[in-house]
Amino acid sequence: CENHLGNMDVAIKMVEKSYEAGADVVKFQHHLRDDEMIKGLTMSDNFSEDLYDFLGRCSLTIDNHIRLKECCDSLGIKYLCTPFSKEAAKELLDNKLISTAKIGSGELLDFRLLDFLIEANISLILSTGMSTIDEINTTSSFLNNKKADFSFLHCVSEYPPKSKDICLDTLTYLMDKFPQNIIGFSCHTPHIYTSLAAITLGAKIVEKHVILDKSIDCPDQSVSIDFDQLKHLVNGTIAINDGRGTR
């Protein structure tokens, strides 16, 4: 997310910490705010700043992304990015930064964006927060007709979510519904317990927000784990998969 607040020293430190914790991938976001939103939208009840203004202050530039990709390559951790518009995706592709794109829940039905990425032979990982099963089916049909390579992440777009709202059994429902696809979990809890439960249920991908210091005041602070927790999550994931014989 934007827990780096636009500070490249912080962003690079987060890449290094992710690598040290044993993560497979580090993911950033690429926003071109005028192509994706209008002014006057707050992010959530836990942060009052206008989202348009926040992104103006804290978004990474394409040159920042190039530098972060170079940092990831030097360490041997995969760089991934979420574009929030076709225009943002084009900048990433023009600079040869991605072979896979993460698609946020709000863009699940943005077929203009999805089609642009598919035509460039980009694999997709799509979050499903706020989506009905009919909408997920519609996207699945669209992508299958295009012979796209894609995965779904169960996601609850609540920041942070209440435990009773997470509905982890949706993971097994999606696995049964889409057996040809990898199914994972985009987790917005400020702890690792739900992620470990998702791994036990068979999730093949877990996405977590991370932050260097939980005392920092930023929009996603309440839905983020620190890097000690990330290390515990990685170790727990390895132990669970070894115990299930799936690693």
Side-chain angles (χ1 to χ4, degrees), residues 1 18-19 21-29 77-82 98-108 114 122-133 135-137 139-140 143-144 148-211 220 222-247:
C1 49
S18 296
Y19 171 75
D24 299 300
V25 178
V26 61
K27 181 186 73 69
F28 292 94
Q29 299 179 347
I77 189 170
K78 184 177 177 64
Y79 163 92
L80 192 64
C81 195
T82 300
I98 55 170
S99 58
T100 301
K102 167 67 199 305
I103 304 299
S105 294
E107 286 67 52
L108 182 76
L114 302 186
I122 300 297
S123 300
L124 305 177
I125 302 172
L126 304 105
S127 281
T128 58
M130 304 178 290
S131 302
T132 66
I133 189 58
E135 290 170 333
I136 298 171
N137 279 330
T139 296
S140 177
L143 296 175
N144 281 325
D149 177 25
F150 65 99
S151 308
F152 283 131
L153 303 185
H154 170 50
C155 178
V156 177
S157 297
E158 190 176 283
Y159 295 82
K162 301 178 184 68
S163 295
K164 66 182 180 62
D165 294 337
I166 295 172
C167 302
L168 279 171
D169 286 340
T170 302
L171 282 164
T172 54
Y173 173 80
L174 292 174
M175 290 172 199
D176 291 340
K177 183 75 174 175
F178 305 105
Q180 73 278 16
N181 298 110
I182 290 173
I183 303 298
F185 182 41
S186 180
C187 181
H188 294 128
T189 60
H191 53 72
I192 66 173
Y193 309 127
T194 42
S195 294
L196 293 173
I199 293 294
T200 303
L201 289 170
K204 298 298 190 293
I205 301 169
V206 168
E207 177 186 37
K208 288 291 289 186
H209 293 301
V210 288
I211 192 167
D220 289 311
S222 67
V223 300
S224 300
I225 60 173
D226 63 29
F227 286 90
D228 287 337
Q229 290 173 294
L230 180 62
K231 179 62 176 175
H232 288 305
L233 176 57
V234 171
N235 290 341
T237 298
I238 292 169
I240 291 167
N241 285 332
D242 281 346
R244 297 182 70 229
T246 56
R247 188 169 74 95

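These numbers come from the heavy atoms of this one structure, side chains and all, not from hydrogens, waters or symmetry mates. Heads up: numbering here begins at 1 and tracks the sequence.
- Listed for the Asn181 side chain is a donor-acceptor partner under 3.5 Å among the backbone atoms of Phe150.
- The OH atom of Tyr19 sits 8.5 Å away from the CD1 atom of Ile77 when rounded to the nearest 0.5 Å.
- Remark: Ser131 engages Leu108, Glu135, Ile136 in a side chain to side chain contact (heavy atoms under 4.5 Å, CB included) (not counting sequence neighbours).
- For the side chain to side chain contact (heavy atoms under 4.5 Å, CB included) criterion with His188, the lone passing option out of Val223, Val156, Thr194 is Val223.
- The two residues Ala21 and Phe227 have their closest heavy-atom pair at CB-O, 4.3 Å.
- Rounding to the nearest 0.5 angstrom, the gap separating the OG atom in Ser224 from the OH atom in Tyr159 is 10.5 Å.
- For CZ of Phe178, the number of neighbouring non-hydrogen atoms (other residues, nucleotides, ligands) closer than 6.0 Å is greater than 12.
- With rounding to the nearest 0.5 Å, the separation of SG in Cys155 from CG in Leu126 is 11.5 Å.
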- [ ] Would you sort out whether Val206 and Thr237 count as a side chain to side chain contact (heavy atoms under 4.5 Å, CB included), showing the intermediate values?
- [x] CA-CA 10 Å; Val206 168; Thr237 298; 5.8 Å; no

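- A pairwise comparison of heavy atoms in Met175 and Leu201 identifies CE-O, 3.5 Å as the closest pair.
- Using a 4.5 Å heavy-atom cutoff, the side chains of Asn144 and Gln180 are in contact.
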Side-chain donor-acceptor pairs under 3.5 Å in residues 166-173, sequence neighbours left out?
residue, atom, partner, partner atom, Å
Thr170, OG1, Cys167, O, 2.9
Thr172, OG1, Asp169, O, 2.8

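- With hydrogens and angles ignored, the 3.5 Å screen pairs a side-chain donor or acceptor of Thr189 with a backbone N or O of His191.
- Side-chain atoms of His209 and Pro160, non-hydrogen and from C-beta on, never get closer than 4.5 Å to each other.
- Smallest separation of non-hydrogen atoms from Ala203 and Ile199: O-CD1, 3.6 Å.
- Residues Thr246 and Asn241 have side chains that bring a donor and an acceptor to within less than 3.5 angstrom of each other.
- Taking CD1 of Ile205 as the start and OG of Ser195 as the end, the distance is 13.0 Å to the nearest 0.5 Å.
- Counting only heavy atoms from C-beta outward, the side chains of Thr100 and Val25 never approach each other to under 4.5 Å.
- Listed here is the closest heavy atom pair of Asp149 and Ser123: OD2-OG, 2.8 Å.
- To the nearest 0.5 Å, atoms CD (Glu107) and NZ (Lys102) are separated by 9.5 Å.
- The salt bridge (Lys or Arg N to Asp or Glu O under 4.0 Å) check on Lys208 picks up nothing, with sequence neighbours excluded.
- For the pair Lys204/Ser151, no side-chain contact is recorded, criterion being any heavy-atom separation below 4.5 Å from C-beta on.
- The side-chain heavy atoms of Lys177 and Asn137, taken from C-beta on, include a pair separated by under 4.5 Å.
- Closest approach of Val234 and Ala23 over heavy atoms only: CG2-N, 4.0 Å.
- Between the CG atom of Leu230 and the CD1 atom of Ile192 there is a distance of 9.0 Å, given to the nearest 0.5 Å.
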